[in-house]
Enquirer: 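Structure provided below as structure tokens; questions to follow.
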Amino acid sequence: MQKGLLLVVSGASGTGKGTVCKRLLAESSTLFYSISATTRQPRAGEKDGVEYFFVTVEEFQKWIAEDKFLEYAEVYGNFYGTPIHKIEERLNHGEDVLLEIDIQGALNVMKKRPDGVYIFLLPPSLEELSNRIKGRGSESPETFARRFQAATSEIATGKKYQYVVVNDTVDSAVEKIKAIIAAERCKVNRNENLFENLLAV
Ligand code: ADP
Ligand code: 5GP
């Protein structure tokens, strides 16, 4: 059986990572979403164990001490981390695992997991990025300015990724990510067993 893909989707805040990943998950039955732990407060409608595991700073530090994270980072004053539990198990069962994480976290995972598939989502323009951050309606003017400034300086980091997808429409971004998944599954280094099986006497 082919091992699952470790898909890492990141990009600047407000680009639409959450929106695109949600749609991708709804359309892909073999994709498993890795639920992160965070110390930030839940937003309206968010539930513990669905969007995130909402934990205290003390609990988060305990998880760090117990080596329970594949990576973790401080983002806009809160901690976020990817629990390692289950990821390897799912990949070994042929399920693809999706991490939707910030850029620092993605760069850390790149060092540990060179076999991962790293996708950077770009907004169609900075103006549209600003509209999307405002449109989300969850930012105060102060956090908006901080997020927008951080977002524009984060964009250049995207050159370190393997793939770039412009989130112009959700449909087209999702189609492009599906095409990346299909191409990755066809890579020779993920399919060496096909040659061995075919040529076995
Ligand atoms: P992120 O997870 O990257 O911070 P979100 O998924 O929360 O971003 O999206 C930010 C805002 O932009 C949301 O209001 C969302 O509805 C909107 N949005 C996301 N993708 C698109 C798109 N392709 N076209 C228009 N609006 C979008
Ligand atoms: P939000 O607070 O808007 O849900 O997320 C803020 C940022 O944290 C987003 O860029 C999101 O992708 C990122 N994030 C979510 N989970 C993780 C995680 O486990 N690790 C890291 N490094 N970043 C994360």
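Throughout, numbering of the chain's residues begins at 1 and tracks the sequence. What you see below is based on every heavy atom in this structure, not just the backbone, and it leaves out hydrogens, waters and symmetry mates. Both counts, for ligands and for their atoms, begin at 1 and track the order of listing.
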Enquirer: Considering heavy atoms of the protein only, find what lies nearest to atom 15 (C) of ligand 2 and give residue, atom and distance to 0.1 Å.
Expert: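 Protein heavy atom at minimum distance: Tyr52 OH, 3.3 Å.
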Enquirer: Roughly how far, to the nearest 0.5 Å, is the CG atom of Asn108 from the NZ atom of Lys112?
Expert: 7.0 Å
Enquirer: Give the residue and atom name of whichever protein heavy atom lies nearest to atom 20 (N) of ligand 2, and the separation in Å to one decimal.
Expert: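 For atom 20 (N) of ligand 2, the nearest protein heavy atom is Glu71 OE2, 2.7 Å.
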Enquirer: Counting only heavy atoms, which portion of Val20 has something under 4.0 Å from ligand 1: side chain, backbone, both, or neither?
Expert: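 No part of Val20 comes within reach of ligand 1.
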Enquirer: Considering only heavy atoms, which of Tyr80, Phe53, Tyr76 lies nearest to atom 2 (O) of ligand 2?
Expert: Tyr80
Enquirer: Could you name the option among Leu70, Thr15, Asp102 that has the heavy atom nearest to atom 23 (N) of ligand 2?
Expert: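 Answer by nearest heavy atom: Asp102.
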Enquirer: Could you tell me which atoms of ligand 1, counted from 1 in the order shown, lie closer than 4.0 angstrom to a heavy atom of Thr169?
Expert: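 Selected atoms, number and element: 23 (N).
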Enquirer: Count the heavy atoms of every other residue, nucleotide or ligand shown that sit under 6.0 Å from CD of Gln2, and state whether that count exceeds 12.
Expert: yes
Enquirer: Compare Lys22, Arg23, Arg132, Glu100 and give the one whose heavy atom is closest to atom 26 (N) of ligand 1.
Expert: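 Residue with the shortest heavy-atom distance to the ligand atom: Arg132.
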Enquirer: Do you see a donor-acceptor pair shorter than 3.5 Å between the side chains of Thr56 and Glu59?
Expert: yes
Enquirer: Among all the protein's non-hydrogen atoms, which is closest to atom 3 (O) of ligand 2, and how far away is it?
Expert: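 Of every protein heavy atom, Arg43 NH2, 2.9 Å lies nearest to atom 3 (O) of ligand 2.
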Enquirer: Run the contact test for Asp168 against ligand 1 with a 4.0 Å cut-off on heavy atoms, strictly below, and give the result.
Expert: yes
Enquirer: Enumerate the atoms of ligand 2 whose separation from the nearest heavy atom of Gly105 is less than 4.0 angstrom.
Expert: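 Heavy-atom distances to Gly105 below 4.0 Å select 22 (N).
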Enquirer: Which residue owns the protein heavy atom closest to atom 15 (C) of ligand 1, what's the atom, and how far is it?
Expert: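 Closest protein heavy atom to atom 15 (C) of ligand 1: Thr19 OG1, 3.5 Å.
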Enquirer: First locate atom CG of Leu194, then atom SG of Cys186, and finally report the distance between them rounded to the nearest 0.5 Å.
Expert: 9.5 Å
Enquirer: Give me the ring orientation class for Tyr72 and Phe69: parallel if the planes are under 30° apart, tilted from 30 to 60°, perpendicular past 60°.
Expert: tilted
Enquirer: Number the atoms of ligand 2 from 1 as they appear, then name those within less than 4.0 Å of a heavy atom of Ala73, with their elements.
Expert: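 Selected atoms, number and element: 22 (N).
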Enquirer: Mark up the atoms of ligand 1 that fall under 4.0 Å of a heavy atom belonging to Lys17, in ascending order.
Expert: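 It comes down to these atoms of ligand 1: 1 (P), 2 (O), 3 (O), 4 (O), 6 (O), 8 (O).
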Enquirer: Pick, from Cys21, Ser13, Ser36, Gly11, the option with the minimum heavy-atom distance to atom 19 (O) of ligand 2.
Expert: Ser36
Enquirer: For atom 10 (C) of ligand 1, state which one of Gly11, Pro124, Gly14 supplies the nearest heavy atom.
Expert: Gly14
Enquirer: Atom CD in Glu66, atom CH2 in Trp63: separation rounded to 0.5 Å?
Expert: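 CH2 of Trp63 is found 9.5 Å from CD of Glu66.
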